Every structure is written in C-alpha cells, then in structure tokens.
Amino acid sequence: MRLSRYFLPILRETPKEAEIVSHRLMLRAGMMRQEAAGIYAFLPLGLRVLQKVCAIVREEQDRSGAIEMLMPTIQSADLWRESGRYDAYGKEMLRIKDRHEREMLYGPTNEEMITEIFRAYVRSYKDLPLNLYHIQWKFRDEVRPRFGLMRGREFLMKDAYSFDLDQDRARHAYNRMFIAYLRTFARMGLKAVPMVAETGPIGGNLSHEFIVLASTGESEVFCHKDYLDFEVPGENVDFEDVAGLRTLVDKWTSLYAATSEKHEAAAFAKLPADKQISARGIEVGHIFYFGTKYSEPMRAVVTGPDGTEHVIHMGSYGIGPSRLVAAIIEASHDDAGIVWPEAVAPFKVAILNLKQGDGATDAACEKLYAALQAKGADVLYHDLDERPGSKFATADLIGVPWQILVGPKGLAARQVEVKRRSDGSREMMAPDAALARLA
RNA sequence: CGGGGCAUAGCGCAGCCUGGUAGCGCAUCUGCUUUGGGAGCAGAGGGUCGCAGGUUCAAAUCCUGCUGCCCCGACCA
C-alpha cells in the first residue's frame, strides 16, 4: 500500500478524552474514531489489525473442531422469553421495537438463538458433538462505557456454543476450547492466564476467564507466577484425545489463579512469596460450561443410544477481538507508539523514502516496494513528501514491526537500513538482503 | 445510577469573571528554500462559539432548560 493512496489520519496531538494508552494510541494512529459513547468506527489501519486478530481466532477455532456460521445482530424478544432472560437481563440489553411494534433486541449474546437453531435440526446423539461459533457485533448498554475499545458498548465477539450428550462429553468440549484459547492468545503475542471466574448471568458452574496482565486492566487478579512460563500446546495437539486434553487442562489449572470475585486470600497466601502475583488484568476470553440451563427450558433434546430423550449439555465460549486489539496495545507499546507483534501487525514492513523526489531514492524504494509486494508481504510504502523525522515518527507510532529506511546516504554505499520496531535495532544491508530478510 | 467536569476551526487550547460582532499553536492550501528523528520564510482558506429559550441597543460572555462527551464511584460474560 502506498501511503499517498491510503487513508491514515494520524493525529499529532492526543485527543483529550483518551486516558489509557491503547485508546490514545488507537486514536493517534488513525485506527478508529468514536461515533458515540462506547461506539467506534474502525478506520482502515484498525480494521487490518482487527482482521488479523479474527483470522487467528478462526484458525484456532477451526483447528479445535468448531464450525463457523453467522447469526444476526437483531433478535426477537420472544426467544429470550423462552429462557427467562428477557426480564432477567436488565438495562444492559438494548431493546427496540420494529414498525409493527414487535419487541426486538440488539443481541448481547446468542445462547437462545443458537439453542433454537440446534433444536430445529438436531435429533440424534449421532450428530454430536457439535460446536458452532460466529464472529459478530454485540451490544451491551453499559452504564458507563470507558477506556475506548476496552469497555465499549458495541464490540466484536467470537462466541462458540458446544452441544453434547452428557456432562462428561461437555467437559471435553470445554477442554477443547480451553486449549484453543491458550493457543489463540499466545499466537497474538499475549500471555493469558486462565483464572477461576464467576459465571454471572450466563449461569453454570464451570468457568474460566483468560486474563492478560496489564496495569490498566479493569479487574484485580491473583495468580501463581509459574503460569507465565508454562508451555502453550503446539499446533499438533490432538483435540480428539480426551485424556490428553484433560492432562493439559489439569496442568493449566493446577496452580492458584483467580479473579477478585473468586479470590481466596488464605489459599493465595500459602504460595511462596516470590510466586505470588497480585496484579491487574484484562479479560480477553471467557469460557463456561452451563449444562442444561438453556436446553432444558427451550427443549433442546436428542435421542440417545438408549432410545430415550436426553437434554443437551451446553457450554459457551467468548473472545472479544475488538477488545483484544486494545489489549495487545496495552501489552506492547513504548513512548513512540504501538509495537505490534508480527502476527497481528497491520503491515509487516514499512518502506520510508527519506528523500522523496530524489531520482535514485525513489527508484530504489519503488523497486523494493514492488519486490516485497510480489512476494506477498504486507508492505506500506511511505511515499509522501515529508521530512525524514516525520516519517520516522509516523512509522514508530503505527508500530509496523520492520522499517526499511531508504535514503541517499545509504544508497551511496548501495545500502538501506533495516530497523526493527520492537527493540530499535538497526542494520545496514543491500536492498536484496533486506528483501530476502523480510519477504 | 450517585458525584465532579467539559463543550469556541480538523486536533490542542485562550477569550467568559468585568457583554461591543472571535484569537493562538499544530494541521490544511499556494509559492520558494529545505530533506537521516515531527523544517524555514511568505501568503491563504476554514468557526450558526453544542442546541433552544430569556435578559439587553448589543450575548461566546449573563440567566433558564436541554443534549452530547469525559473522569471518579457503583455496575460489568
């Protein structure tokens, strides 16, 4: 992408409403724009990151055996009356009426709808297990939205729903998501710790929140330090291996880790002092087993091998991609701007033309740009007529992992400079070497 | 939902107390110079001062109501 043809509205000054670093940097880097309290438009750069995050989420969901679909944002109130949640959910649910005065709502979650879909088609235990997910916009009318994307009202969410014949099998479905989540967050460069959590209005009795430690986190968390060094299961993990997954989950739940609501000070105090982590954290995922909470009232049943009806055991599993974008920034930035992990970076490499209009420099940049594109690299070519300093500042701000600095000084020695955003290290090399390194 | 604050050009702000027809920095546009860490000079454009009433010869400024947004708390899959 040529910057001259892109839409990247960088702000030099920080808008006053932005308090926390991710909010500030997302506005400054031209990633998003607030349209109302807790409601944001994603601008092109922000969308690129969001899509990278979603792609990783999809890959890991698919790998674990979940199947993607897409449910609507608007739901019927009647569906929610079946589960009893229409009255229970409270003002967080945005209720609306259509032109026929029918009561509708903008979905805050999809348990009812997925259960309705499931019961309409699935009749036999032979069609199980089943795990369906979608990535869709949700709306929760928070009393006080804040922290930009971190606590917005409208947000993108991946929610998966598992259906199994009984509790044991549902537990395996839970374990599959548990492992998939570990992998998902690790791929984004995050260390997420699964913590025992409240089940809240979703119901059920088995639940973990996946928490990224960050000083700006909204909740207080307590955990054993060793979690941060645990090895994340590789991509060859066998999701059909019931015992194997259970062993992995057992390991990842063997040490103390809890959010403040579930915190037990006495148990925590028993940890060696140097292993106690008391910190703030950002919830980036939440998984639940809730049994028959919805399948019972909504009559989602299948015929079992014994010929009788069995009420389905369910679980639901959420990840907030839009919140993840903010969480990644909270976890990875410096004074100059964002430092994207390569897996979610909007562009992998930026070419900075340090003397726009200089024939040799322009030619070298164009050649590099074309070559990188031909190799399929996500490359942003800063081809505006700006001073070098301004280009450095922009590139650092938007956090592209690699910068190629092309200027007359270097070219005189047939060299360009490759700068790595994460540690600021630089290296002079021939353009071909840069190409080989970064393509 | 309780408490506090803000609303003036794209962004950040001054002006308001003590009414007299709007200003600064950055950004934008034009020209010249400049080009390895947010350039310099010269010129230009851009604002129903959040909205609606009221007071007054006159309102960004004073009064009343409303709306939007932010912060602290409560709340929060």
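Letters go in sequence order (proteins before strands), and every chain restarts at 1. Note that the structure is predicted; figures quoted are calculated from it, not measured. Heavy-atom basis, side chains included; hydrogens, waters and symmetry copies ignored.
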Integer angstrom distance from the P of B:rG10 to that of B:rC51: 13 Å

Sugar-phosphate, base or nothing in reach of A:Gly285, heavy atoms under 4.0 Å: nothing

Polar pair under 3.5 Å, donor/acceptor by atom type, side chain A:Arg28, base B:rG12: no

Side-chain donor/acceptor of A:Arg146 to base of B:rC76, under 3.5 Å: no

Cation-pi check, A:Lys138 onto A:Tyr106 ring (under 6.0 Å, within 45° of axis): no

Sugar-phosphate, base or nothing in reach of A:Lys16, heavy atoms under 4.0 Å: sugar-phosphate

Whole-Å C1' distance, B:rU56 and B:rU21: 15 Å

Earlier contact from the 5' end, RNA chain B, for A:Glu209 and A:Leu397: A:Leu397

Cation-pi, A:Tyr86 ring and A:Arg95 (6.0 angstrom, 45 degrees): yes

Rounded C1' spacing from B:rA52 to B:rA59 in Å: 15 Å

Sugar-phosphate, base or nothing in reach of A:Ala36, heavy atoms under 4.0 Å: sugar-phosphate

Between A:Ser162 and A:Tyr174, a side-chain donor and acceptor under 3.5 Å: no

Sugar-phosphate, base or nothing in reach of A:Arg426, heavy atoms under 4.0 Å: base

Sugar-phosphate only, base, or nothing, as touched by A:Lys138 at under 4.0 Å among non-hydrogen atoms: nothing

Euclidean distance for C1', B:rC49 against B:rA9 (whole angstrom): 10 Å

Same-atom distance (P) from B:rU30 to B:rC71, integer angstrom: 38 Å

Sugar-phosphate, base or nothing in reach of A:Ser219, heavy atoms under 4.0 Å: nothing

Touch class at under 4.0 angstrom, heavy-atom based, for A:Asp358 against every strand present: nothing

Phosphate contact (B:rA27 OP1 or OP2) by A:Arg12 side-chain N/O below 4.0 Å: yes

Donor-acceptor pair under 3.5 Å, A:Glu13 side chain vs B:rG25 base: yes

Close aromatic pair by centroid cut-off 6.0 Å: A:Trp252 and A:Phe178: no

B:rG68 phosphate, OP1 or OP2, under 4.0 Å from A:Gln34 side-chain N/O: no

Sugar-phosphate, base or nothing in reach of A:Leu354, heavy atoms under 4.0 Å: base

Sugar-phosphate, base or nothing in reach of A:Glu218, heavy atoms under 4.0 Å: nothing

Pairwise C1' distance for B:rG46 and B:rC24, with rounding to whole Å: 15 Å

Centroid-centroid distance, A:Tyr317 to A:Phe210, less than 6.0 Å: no

Distance between C1' atoms of B:rG54 and B:rG73 (Å, rounded): 37 Å

A:Arg140 side chain to A:Pro108 backbone, donor-acceptor under 3.5 Å: yes

P spacing across the pair B:rG31 / B:rG47, given as an integer number of angstrom: 23 Å

Nearest-nucleotide comparison on RNA chain B, the residue closer to the 5′ end among A:Arg33 and A:Ala37: A:Arg33

